[in-house]
Amino acid sequence: MDSDEIVAVLGACPGTRLIEANGDVFAIHDPEHDYEQRPRQGWATVVNSDVNDTASDLDRPGVFRLNIGLPKQRFAELFPDAGAVFDPTAPDSLFPHPVYGAYHWVSVINPDTTWPQVRTLLDDAHAFAVRKHENASRRRAERG
């Protein structure tokens, strides 16, 4: 999968808005199209350069990193050993995000053979974003 194909997959998820900045793409659950009034965290990103961090050496030709925000339990299933060491430059291998791993974000450089698992993780992340959005909407409605 190349980065454009992954961006197309992200954009096809219901309620998803894609925001581009600095050559990177952020997938945000925004079914009411109110992101400008209620900014929120994205649920996946496709990063194409070292603008935000240099851990994965993304300035190499043809290299991109897909980042996916997961529920805590799902992240723990993937990485049960908190002390494990990962190479954030290795292609096609899941690893905790080099900066946001503590917030349950997982990353993969140029997914290929990992794509079936990554696709499932994207579904998990999107469902999590939908739940968070519904919960926030319900709390706003309860406050009146």
Using the rule that Ile, Leu, Val, Met, Phe, Trp and Tyr join whenever any side-chain heavy atoms are under 4.5 Å apart, tell me whether [X] and [Y] fall into a single cluster.
X: Phe26; Y: Phe128; result: no
X: Val118; Y: Leu18; result: yes
X: Trp105; Y: Leu121; result: no
X: Phe79; Y: Ile109; result: yes

Any non-hydrogen side-chain atom of [X] less than 4.5 Å from a side-chain atom of [Y]?
X: Met1; Y: Leu66; answer: no
X: Val46; Y: Asp4; answer: no
X: Trp43; Y: Leu122; answer: yes
X: Asn135; Y: Lys132; answer: no
X: His29; Y: Tyr35; answer: no

Do [X] side-chain atoms and [Y] backbone N/O form a donor-acceptor pair below 3.5 Å?
X: His126; Y: Pro14; result: yes
X: Glu134; Y: Arg131; result: no
X: Asp92; Y: Asp112; result: yes
X: Asn48; Y: Arg65; result: no

Going by the side chain to side chain contact (heavy atoms under 4.5 Å, CB included) test, name the single residue among Val99, Val106, Val47 that passes it with Asn67.
-> Val47
For the pair Asp124 and Arg119, find out whether any cationic side-chain nitrogen is under 4.0 Å from an anionic carboxylate oxygen.
->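 Arg119 and Asp124: not salt-bridged.
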Electrostatic pair Arg40:Asp34 at N-O distance under 4.0 angstrom |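 The answer is yes: the pair qualifies as a salt bridge.
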Check step by step if side-chain hydrogen bond (donor to acceptor under 3.5 Å, both in side chains) holds for Gln73 and His104.
-> CA-CA 9 Å; Gln73 179 61 35; His104 317 118; over 6 Å; no
Go through the steps to decide whether Trp115 and Val9 satisfy the test side chain to side chain contact (heavy atoms under 4.5 Å, CB included), and finish with yes or no.
-> CA-CA 12 Å; Trp115 179 247; Val9 169; 4.2 Å; yes
Could you tell me whether Phe86 atom CZ has more than 12 heavy atoms of other residues or ligands within 6.0 Å of it?
-> yes
Could you walk me through whether Glu142 and Arg139 pass salt bridge (Lys or Arg N to Asp or Glu O under 4.0 Å), step by step?
-> CA-CA 5 Å; Glu142 289 170 355; Arg139 285 190 300 274; over 6 Å; no
